[in-house]
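See structure below.
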Amino acid sequence: MIKIAETKDDYVEWNSVDPSQARLGILTKNKNHPLISSIKRRLPKETVVFHVKAENELNSEKDGISISEFESLPSADTESVFAMQRMNWVQNYLKLICYINGRERSDFIPTAGFKSHEEGPLMGYIRATESMLDLEDKALLKHHLEKLDHVEWSRSEEAGFTFHIQGKTEGELLESLYLAAWSFWTFAVSVTESNPLCFILELDEIMLEHPVLNEKRELINFIVQTMGHLTFDYVASFIVKAPNLYPIPEANVEYLLVENIESKDIDWNGTFGTHLSLNSSEVVVIKRNTYKIMNLFLESSIQI
């Protein structure tokens, strides 16, 4: 159990390995919130941490996850929830590629079939791309699909695995985020060890500064909802941090910590039925539409 907030007479603890509360939301405009690093240090020592954020991890080794290699293997049951989720990742990536390039799918993505008893659904699209006659479209589509061969993560003994969200455009940032989440998902559903996993997703302004509408919103929803759902079927926890309430509810969090957010930023009536105002020394801990104003607890007992 990890203590996350307290008062003189009460406290709130978070159990990262309990599926009933393995999802934690943190609503703050602080881009380098000390609670994240404090929780990472206090997770069960056998936990393998995957941390996705805008800042790069310095002085760390490079490692990689191959989504293509994962997709070269078949699903044991093609009618299972796992197989359907696997297909969803592929189809949403194709939707993302069309969104980034401003193209209609029917004019850009070739139709494809795959051998479900031998491979995953991505492989059919890889073969279909190789057969495309439009060389310009073929090169553009291969540019995206080849990114699935090696999704790079930084690795260190202290920080675990870290993914740096990067890109100069809205589309590049979204694709970077998508590849991070998809690669973690392939790792989580494939790993045979019993070590608990923790996926930390920091969605600061770098991801949400552009209007989150239409296809972009759907894709972010898919990522967050899928990461939340993963915690019910595997020994995994999910921490999502954002500067605004969106997209935290999509993660189905059990606890939501709200820090230093002015009332004008959030429609509390529409979401939690209570109007709250905070100052910088307090957080609100919300659990199932109930809330307490408490002091944030950090490992060093320093309150902010």
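Nothing here was measured: the structure is a model prediction, and the numbers come from that model.
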Evaluate the side-chain proximity of D137 to D107: yes if any heavy-atom separation is below 4.5 Å, no if none is.
-> no
Within the distance-only criterion (no hydrogens, no angle test), does the side chain of R42 pair as donor or acceptor with the backbone N or O of K3 below 3.5 angstrom?
-> yes
Say whether, by atom type as modelled, one donor and one acceptor occur between the side chain of S66 and the main chain of H150 under 3.5 angstrom.
-> no
Judged by atom type as modelled, is there a donor-acceptor pair below 3.5 Å linking the side chain of S38 to the main-chain atoms of P34?
-> no
Got a second to check how far I26's CD1 is from I36's CD1, nearest 0.5 Å?
-> 3.5 Å
Report yes if some heavy atom in the side chain of W182 is under 4.5 Å from a heavy atom in the side chain of I65; otherwise report no.
-> no
Quick one: are L122 and F70 in side-chain contact, heavy atoms under 4.5 Å?
-> no
State yes or no: do F222 and Y234 share one hydrophobic cluster built from I, L, V, M, F, W and Y residues joined by side-chain heavy-atom distances below 4.5 Å, directly or via other members?
-> yes
Report yes or no: does E250 contribute a side-chain atom to a donor-acceptor pair with the main-chain N or O of N221 at less than 3.5 Å?
-> no
Pairwise distance CZ(R41) to CG(L298) - rounded to 0.5 angstrom | 8.5 Å
Would I220 and L174 count as a side-chain contact (heavy atoms from CB on, under 4.5 Å) if you check the C-alpha gap in whole Å, the side-chain angles of each, and the deciding distance to 0.1 Å?
-> CA-CA 8 Å; I220 294 176; L174 184 56; 3.9 Å; yes
Consider only side-chain heavy atoms of I, L, V, M, F, W and Y, link residues closer than 4.5 Å, and tell whether V191 and M227 are in one cluster.
-> yes
Within the distance-only criterion (no hydrogens, no angle test), does the side chain of S176 pair as donor or acceptor with the backbone N or O of Q166 below 3.5 angstrom?
-> yes
With distance as the sole test, does K40 use its side chain to make a donor-acceptor pair with the main-chain N or O of A159 at under 3.5 Å?
-> yes
Of L43, V49, V48, T47, the residue whose pairing with P196 passes side-chain contact (heavy atoms from CB on, under 4.5 Å) = T47
Kindly determine whether Y93 and I67 satisfy side-chain contact (heavy atoms from CB on, under 4.5 Å), including the steps that lead there.
-> CA-CA 12 Å; Y93 186 57; I67 297 172; over 6 Å; no
Transitive ILVMFWY side-chain link M1 to F297, under 4.5 Å = no
Atom CD of E157: over 12 foreign heavy atoms under 6.0 Å = no
Find out if a path of hydrophobic residues (ILVMFWY) with successive side-chain heavy-atom gaps under 4.5 Å connects V90 to M84.
-> no
Taking atom types as modelled, find out whether H51 and E202 have a side-chain donor-acceptor pair closer than 3.5 angstrom.
-> yes
Of all heavy-atom pairs between A83 and S75, which one has the smallest distance, and what is that distance?
-> CB-OG, 3.9 Å
Side chain proximity check, K142 to E130, heavy atoms < 4.5 angstrom | yes
Looking only at heavy atoms, the pair that brings S68 and M123 closest together is O-SD, 4.2 Å
The single option from I239, I200, I2 that satisfies side-chain contact (heavy atoms from CB on, under 4.5 Å) with L24 is I239
Polar side-chain atom of S72 near backbone of E69 as donor-acceptor pair, under 3.5 Å | yes
When every non-hydrogen atom of G25 is compared with those of V253, the smallest separation belongs to N-CG1, 3.6 Å
Quick one: pull up OG in S131 and CD1 in I126 and give me the separation to the nearest 0.5 Å.
-> 12.5 Å
Rounded to the nearest 0.5 Å, how far apart are CG of L201 and CZ of F238?
-> 5.0 Å
Listed partners of I100 passing side-chain contact (heavy atoms from CB on, under 4.5 Å), at least two apart = L96, H144, E175
Stacked cation flag R127 on F114, 6.0 angstrom / 45 deg = no
Heavy-atom check, side chain of N252 versus side chain of F232, under 4.5 Å = yes
T7 versus I293: any side-chain heavy-atom pair under 4.5 Å?
-> no
Do K241 side-chain atoms and N30 backbone N/O form a donor-acceptor pair below 3.5 Å?
-> yes
Apply side-chain contact (heavy atoms from CB on, under 4.5 Å) to W14 and I39, showing your working.
-> CA-CA 10 Å; W14 180 56; I39 287 178; 4.0 Å; yes
K53 side, atom NZ; H164 side, atom NE2 - distance, nearest 0.5 Å | 9.5 Å
Which word best sums up how the rings of F161 and F187 line up, parallel for under 30°, tilted for 30 to 60°, or perpendicular for over 60°?
-> tilted
One should read off an interatomic distance between T111 OG1 and R105 CZ, to the nearest 0.5 angstrom, of 9.5 Å
Pairing of E71 and R86 as salt bridge, 4.0 angstrom limit = yes
Looking only at heavy atoms, what is the nearest atom pair of H33 and L35, with distance?
-> ND1-N, 3.0 Å
Side chains of L197 and F184: closer than 4.5 Å at any heavy-atom pair?
-> yes
Would you say M132 and L141 make side-chain contact, with heavy atoms under 4.5 Å?
-> yes
Result of checking E218, E170, E215 against Y99 for side-chain hydrogen bond (donor to acceptor under 3.5 Å, both in side chains) | E170
Does one side chain, of E13 or Y255, offer a donor that lies under 3.5 Å from an acceptor on the other?
-> no
Any sub-3.5 Å donor-acceptor pair from D63's side-chain atoms to W153's backbone N or O?
-> no
Indicate whether any N or O donor in one side chain lies under 3.5 Å from an N or O acceptor in the other, for Q85 and H229.
-> no
Do you know the tightest heavy-atom contact between L27 and L245?
-> CD1-N, 3.5 Å
Just wondering, more than 12 heavy atoms not from E104 lying within 6.0 Å of its CD?
-> no
Would you sort out whether Y11 and V285 count as a side-chain contact (heavy atoms from CB on, under 4.5 Å), showing the intermediate values?
-> CA-CA 10 Å; Y11 61 90; V285 180; over 6 Å; no
Over all heavy atoms of both residues, which pair between D204 and P243 is shortest? Give the atoms and the distance, please.
-> CA-CD, 4.0 Å
In terms of hydrophobic clusters joined by side-chain contacts under 4.5 Å, are M87 and Y178 together?
-> no
Can you tell me if Y246 uses its side chain to pair, donor with acceptor, with the backbone of R217 under 3.5 Å?
-> yes
F50 and W185: aromatic ring centres closer than 6.0 Å?
-> no
